[in-house]
Amino acid sequence: MDSVTVIICTYNRSSSLELTLQSLARIHVPSGCELEIIVVDNRSTDDTKQVVDDARRINQRLRYEYEAVPGQSAARNAGLSAARGEIIAFTDDDLRFAPDWLEELIRPLRSDSQAVVGGITIAEHLRRDWMTPWHWSLYAGNNASMEMEGRCLTGANMAFLREVLKVVPGFDVELGPGRLGFCDDTLFSLQLEKAGYKIAYHPPAAVDHHFDPSRLSRVSLVDTARKVGSSTMYIDYHWRHQAIPMAQVKLLRKQLLLSLWRRRNKSTVQKEEGITEKEYWQIWDCGRLRQYMTAERHRPWLYDKFGSVKIAV
């Protein structure tokens, strides 16, 4: 018998969470599968608890946990502590699930994989003509036709065997929404791979991403680029032990190049939605260098090189 825990971390998104829980209640639970669903409320001030209480009336598998420490990674770790399943899955509070989602998600874990990432598509009403496969990736989107380099877990749709937590015990609380912004699942993936675990990509475990439309705005995408750059630098410095010689000079140069590019592309930067890949990576680079200059270069390494467990400092 498979015992599975599905964990959803949420913060002040009760309306979206309600629809997600309704969709999750309709999935097929494979024969012989013991399922529990944990919603970790990360200090919400809206009616999140009431939404979970109402959903529990029709779905007895549902449990509510409260995590007072801000940040998605702290909420993820609270979910891990509360989980009873031998298979642990993470998903988000803005998704819709294929009926066979759970069965397909755990399928690779019954063979030779210790972790799996499922297929993620963007809800049809959120798709735009300016989107490329690269833009899809900014919204956690992937599909079977995309060439995946490596197998990076995505927190919206991933699962792994509990046994991996003996080596990689959890998520870094300095990463992810509520802290640096992103890459909590990225570092976890890198640590699993370095420890020798196999991560499978299994598109039939399909979810549809119904993110807030405000995330399509140029303002939101610029903010995303900065935060992903900062989060990447944290990993590069603390986990890969990378230093950046002449970082201040490089940052000034990158900022100048970005400013010049924007002057030459005024019509592009004045659009309300979307961002070009060129501008995104320039912003990312500035964010990465700024994070190194203002924070990381002054700190001791928090991991042994390519380590699985944070050093106590």
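These numbers were taken from a predicted model, which means no experiment stands behind them.
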Arg162 side-chain N/O to Gly85 backbone N/O, donor-acceptor pair under 3.5 Å: yes
Pairing residues for Phe211 by the ring pair (Phe, Tyr, Trp, His ring centres under 6.0 Å) criterion, not counting sequence neighbours: Tyr139, His209
Salt bridge (Lys or Arg N to Asp or Glu O under 4.0 Å) contacts in which one or both residues fall within residues 223-249, not counting sequence neighbours: Asp223-Lys227, Asp236-Arg240, Asp236-Arg288
Close side-chain approach of Glu34 to Arg84, heavy-atom, < 4.5 Å: no
Verdict with supporting geometry, Val4 and Cys33, side chain to side chain contact (heavy atoms under 4.5 Å, CB included): CA-CA 7 Å; Val4 182; Cys33 179; 3.6 Å; yes
Co-membership, hydrophobic cluster, residues Trp281 and Val222, 4.5 Å side-chain: yes
Common cluster, Leu302/Leu190, ILVMFWY with side-chain heavy-atom separation under 4.5 Å: yes
Side chains of Thr20 and Thr91 in contact at under 4.5 Å (non-hydrogen atoms): no
Glu296 vs Arg299, salt bridge (Lys or Arg N to Asp or Glu O under 4.0 Å): CA-CA, chis, key distance, verdict: CA-CA 5 Å; Glu296 307 312 343; Arg299 304 172 70 187; 3.1 Å; yes
Asp94-Ser16 side chain donor-acceptor pair, cut-off 3.5 Å: no
Check: Ile88 and Leu165 side chains under 4.5 Å, non-hydrogen atoms: yes
Donor-acceptor pair, side chain of Gln114 and main chain of Lys198, under 3.5 angstrom: yes
Whether over 12 other heavy atoms sit under 6.0 Å from Gln242 CD: yes
Of all pairs that satisfy ring pair (Phe, Tyr, Trp, His ring centres under 6.0 Å), the ones with a partner from residues 26-84, not counting sequence neighbours: none
Enclosure of Gln60 CD (heavy-atom neighbours >12, cutoff 6.0 Å): yes
Ring centers of Phe160, Phe188 separated by less than 6.0 Å: yes
Joint cluster assignment, Val173 & Ile311, ILVMFWY side-chain distance < 4.5 Å: no
Any residue meeting ring pair (Phe, Tyr, Trp, His ring centres under 6.0 Å) with Trp130, in chain and number order, not counting sequence neighbours: His135
Any donor-acceptor N/O pair, Ser259 side chain to Gln255 backbone, under 3.5 Å: no
Joint hydrophobic cluster, Trp284 plus Trp136, side-chain heavy atoms closer than 4.5 Å: yes
Sequence neighbours excluded - salt bridge (Lys or Arg N to Asp or Glu O under 4.0 Å) pairs with any residue from residues 200-219: Arg218-Glu279
Test ring pair (Phe, Tyr, Trp, His ring centres under 6.0 Å) applied to His125 - qualifying residues, sequence neighbours left out: His210
Interatomic spacing from CD1 in Ile87 to CG in Leu105 - rounded to 0.5 Å: 8.5 Å
Any donor-acceptor N/O pair, Arg56 side chain to Leu62 backbone, under 3.5 Å: yes
CZ (Arg262) with more than 12 external heavy atoms under 6.0 Å: yes
Plane angle bin for Tyr234 and His238 - parallel if under 30°, tilted between 30 and 60°, otherwise perpendicular: tilted
Residues which pass salt bridge (Lys or Arg N to Asp or Glu O under 4.0 Å) with Arg263, listed by chain and number, not counting sequence neighbours: none
Flag if over 12 foreign heavy atoms under 6.0 Å of NZ, Lys194: no
Inter- and intrachain pairs under ring pair (Phe, Tyr, Trp, His ring centres under 6.0 Å), touching residues 71-100, at least two apart: Phe90-Phe171, Phe97-Trp101
Spacing of Thr268 atom OG1 and Trp261 atom CH2 [to the nearest 0.5 Å]: 5.0 Å
Side chain Gln191, main chain Gly307, donor-acceptor under 3.5 Å: yes
Contact check, side chains of Asn77 and Leu80, non-hydrogen atoms, under 4.5 Å: yes
Main-chain N/O of Leu175 paired with Ser73 side-chain donor or acceptor, under 3.5 Å: yes
Under 3.5 Å: donor-acceptor pair, side chain of Lys250, backbone of Pro245: yes
Steps toward side chain to side chain contact (heavy atoms under 4.5 Å, CB included) verdict (Ile38, Val6): CA-CA 6 Å; Ile38 299 176; Val6 175; over 6 Å; no
Polar side-chain atom of Asn59 near backbone of Ala55 as donor-acceptor pair, under 3.5 Å: no
Backbone N/O of Gly178 and side chain of Tyr11: donor-acceptor pair under 3.5 Å: no
Check: Ser214 and Ser220 side chains under 4.5 Å, non-hydrogen atoms: no
Trace of the salt bridge (Lys or Arg N to Asp or Glu O under 4.0 Å) decision for Glu163 with Lys166: CA-CA 6 Å; Glu163 68 184 49; Lys166 296 175 183 177; over 6 Å; no
Salt bridge (Lys or Arg N to Asp or Glu O under 4.0 Å) partners of Asp46, counting only residues at least two apart: none
Rounded distance [0.5 Å steps], CG in Asp41 versus OG1 in Thr48: 5.0 Å
For Asp93, all residues meeting salt bridge (Lys or Arg N to Asp or Glu O under 4.0 Å), sequence neighbours excluded: Arg13
Full working for side chain to side chain contact (heavy atoms under 4.5 Å, CB included) between Asp172 and Tyr303: CA-CA 11 Å; Asp172 192 312; Tyr303 292 89; 2.6 Å; yes
Close side-chain approach of Leu138 and Leu221, heavy atoms under 4.5 Å: yes
Check: His241 side chain, Phe306 main-chain N or O, donor-acceptor pair, under 3.5 Å: no
Side chains of Leu257 and Gln282 in contact at under 4.5 Å (non-hydrogen atoms): yes
hydrophobic_cluster_shared for Val164 and Ile199, side chain cutoff 4.5 Å: yes
Pro204 and Asp100, any side-chain heavy atoms less than 4.5 Å apart: no
By salt bridge (Lys or Arg N to Asp or Glu O under 4.0 Å) - contacts of Lys278 (at least two apart): none
Of all pairs that satisfy side-chain hydrogen bond (donor to acceptor under 3.5 Å, both in side chains), the ones with a partner from residues 175-187, not counting sequence neighbours: Gln72-Asp184, Arg76-Asp184
